[in-house]
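A short worksheet on the structure shown next.
All values below come from the heavy atoms of this structure, side chains included, with hydrogens, waters and symmetry mates left out. By convention here, the first residue in the shown sequence is residue 1. For clarity, every value in this text was computed on a predicted model and none was experimentally measured.
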Amino acid sequence: MKMNKSEFPPGWDEKRVKNLLNYYEQQTEAEAVIEDESAFESDEQTMMQIPTALVDVVRELIIKYQNYQTET
């Protein structure tokens, strides 16, 4: 199934999606574990559990924050 460009989020295209898929398809299980564990140790990001009902709201806040960061 081929997606058309209007189905991609802003800043994404078919090439970027294929590159991401290739990255994770080529990744070993050990590399995946290391990547996951390092995400929890980052000083720049926080991992947290949120209720499923709030996921869309949190995504919108992240998008607004990213847009604000790009504008300043």
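Residue L20 comes nearest to W12 through the heavy atom pair CD2-CH2, 3.7 Å, listed as atom of the first residue, atom of the second, then distance.
Taken from CD in Q27 to CD1 in I34, the straight-line distance is 9.0 Å, to the nearest 0.5 Å. Atom NZ in K64 sits 13.0 Å away from atom CD in Q66 (nearest 0.5 Å). Atom CG of L54 sits about 10.0 Å away from atom CG of L61, to the nearest 0.5 Å. The structure places CZ of F40 at 11.0 Å from CD of Q45, a figure rounded to the nearest 0.5 Å. To the nearest 0.5 Å, atom CD1 of residue I63 and atom CD of residue E60 are 5.0 Å apart. The OH atom of Y23 sits 7.0 Å away from atom CD of E31, with the distance rounded to the nearest 0.5 Å.
One N or O on the side chain of S38 and one on the backbone of E35 form a donor-acceptor pair closer than 3.5 Å.
Using a cut-off of 4.0 Å between Lys/Arg side-chain N and Asp/Glu carboxylate O, R59 and D56 are scored as salt-bridged. A salt bridge is defined here as a Lys NZ or Arg NE, NH1 or NH2 lying under 4.0 Å from an Asp or Glu carboxylate O, and E14 with K18 meets this definition.
Criterion: ILVMFWY side-chain heavy atoms under 4.5 Å apart, direct or through other members. Under it, V58 and Y65 are not part of a common hydrophobic cluster. Cluster membership for V57 and V55, using ILVMFWY side-chain heavy atoms within less than 4.5 angstrom, is not shared.
Within 6.0 Å of atom CD in E29, 12 or fewer heavy atoms from other residues, nucleotides or ligands are found, so the atom counts as exposed in its surroundings.
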